[in-house]
Amino acid sequence: MIKLWLIRHGKTEGNKLSRYIGTTDEPLCQEGTEFLHKMDYPKVQAVYVSPLKRCVQTAEILFPGEPVHIIEELAECDFGEFENKNYKELEGNPHYQEWIDSNGTLPFPGGESREGFKSRNLRGFDRVVSGCIRSHVAEAALVIHGGTIMNIMEEYADIQKPFYEWHVRNGGGYEVELDENLWKNGRKQLRVNSVIMEG
């Protein structure tokens, strides 16, 4: 069995203001950094991260001295026109209203579609799992984004829940396990062991 910790990065200024922060490469805010120093994740054999600063910084705090493997495909969604804005700033934007009316199923104007974002994240996650299997890693951490975690859990968790119900707070996440033999044979499933701070 391979145990994985799927951890959402610490808080940024944009998160504090409820902004859509996808491709914006902002660092952790002071509050986010201080909070992470209080978190206690176990030691792992490998750490995989999104290329964005907020994830790399989170990994350095939670797993000091551990080398990180950057997986480009695990980056957050490109929110296009909504990037770095919150719902108040988008009020009156007809594209935003259309997106809300679609329950978030329409592609972000000038950004990614839900399907494109999800398939990219799942490719990245498959790369991580293959890397763990190849290197005989029994326990690893992925320091990634809220949306990335929701995509992975919606697709592979042994509990069926829609995308938005897998939301977790900054610094929180899921401890999951997978059977590498079943995974290699196409039976891709994650057993959910515990939740760290649900959204």
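Position 1 is the first residue of the sequence, and the numbers go up from there.
Between Arg127 and His69, the closest side-chain pair of non-hydrogen atoms is not below 4.5 Å. Using a 4.5 Å cut-off on side-chain heavy atoms (C-beta onward), Leu142 and Leu74 make contact. Annotation: side chain of Gln189 is not in contact with side chain of Leu178 (no heavy-atom distance under 4.5 Å). Counting heavy atoms from C-beta outward, Ile196 and Tyr41 have side chains that approach closer than 4.5 Å. Put simply, the side chain of Cys132 reaches to within 4.5 Å of the side chain of Tyr48, judged on heavy atoms. With contacts defined as side-chain heavy-atom distances shorter than 4.5 Å, the pair Tyr156/Phe125 qualifies. With a 4.5 Å cut-off on side-chain heavy atoms, Glu76 and Ser50 do not count as touching.
To the nearest 0.5 Å, atoms SG (Cys55) and CD1 (Ile71) are separated by 12.5 Å. From Phe163, atom CZ reaches atom CE of Met153 across 12.5 Å, with rounding to the nearest 0.5 Å. To the nearest 0.5 Å, atom SG of residue Cys29 and atom CZ of residue Phe35 are 11.5 Å apart.
With hydrogens and angles disregarded, no donor-acceptor distance shorter than 3.5 Å links the side chain of Arg19 to the backbone of Gly14. Side chain of Asp78 to main chain of Gly80: a donor-acceptor pair is present (N/O by atom type, distance under 3.5 Å, no hydrogens or angles). Formation of a donor-acceptor pair under 3.5 Å by the Asn121 side chain with backbone atoms of Glu73 is found in this model. Remark: side-chain polar atoms of Asn86 are not paired, donor with acceptor, to backbone N or O of Ser18 under 3.5 angstrom. Listed for the Glu180 side chain is a donor-acceptor partner under 3.5 Å among the backbone atoms of Met1. When atom types are taken as modelled, the side chain of Arg8 and the backbone of Val168 share a donor-acceptor pair closer than 3.5 angstrom.
Side-chain contact annotation: Asn93 with Glu81, donor-acceptor N/O pair under 3.5 Å present. Judged purely by distance below 3.5 Å, without hydrogens or angles, the side chains of Gln97 and Asp101 pair a donor atom with an acceptor atom. The closest side-chain donor-acceptor pair between Thr24 and Glu83 falls under 3.5 angstrom. Counting only N and O atoms by type, the side chains of Asn151 and Thr148 include no donor and acceptor under 3.5 Å apart.
Checked for salt-bridge contact, Arg120 and Glu112 meet the test: a charged N lies under 4.0 Å from a carboxylate O. Using a 4.0 Å cut-off between charged side-chain N and carboxylate O, Asp126 and Lys188 make a salt bridge. Using a 4.0 Å cut-off between charged side-chain N and carboxylate O, Arg114 and Glu154 make a salt bridge. With respect to Glu175 and Lys3, a salt bridge is recorded, a charged nitrogen being found less than 4.0 Å from a carboxylate O. The existence of a salt bridge linking Lys16 and Glu31 is confirmed by a sub-4.0 Å separation between a basic side-chain nitrogen and an acidic carboxylate oxygen.
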>> Applying ring-ring contact (aromatic ring centres under 6.0 Å, His included) to Phe63 and Trp5, what does each step give before you reach the verdict?
In response: CA-CA 12 Å; Phe63 305 100; Trp5 296 86; 8.6 Å; no
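Taking the six-membered ring where tryptophan is involved, the planes of Phe82 and Tyr20 are tilted, since the angle between them lies from 30° to 60°.
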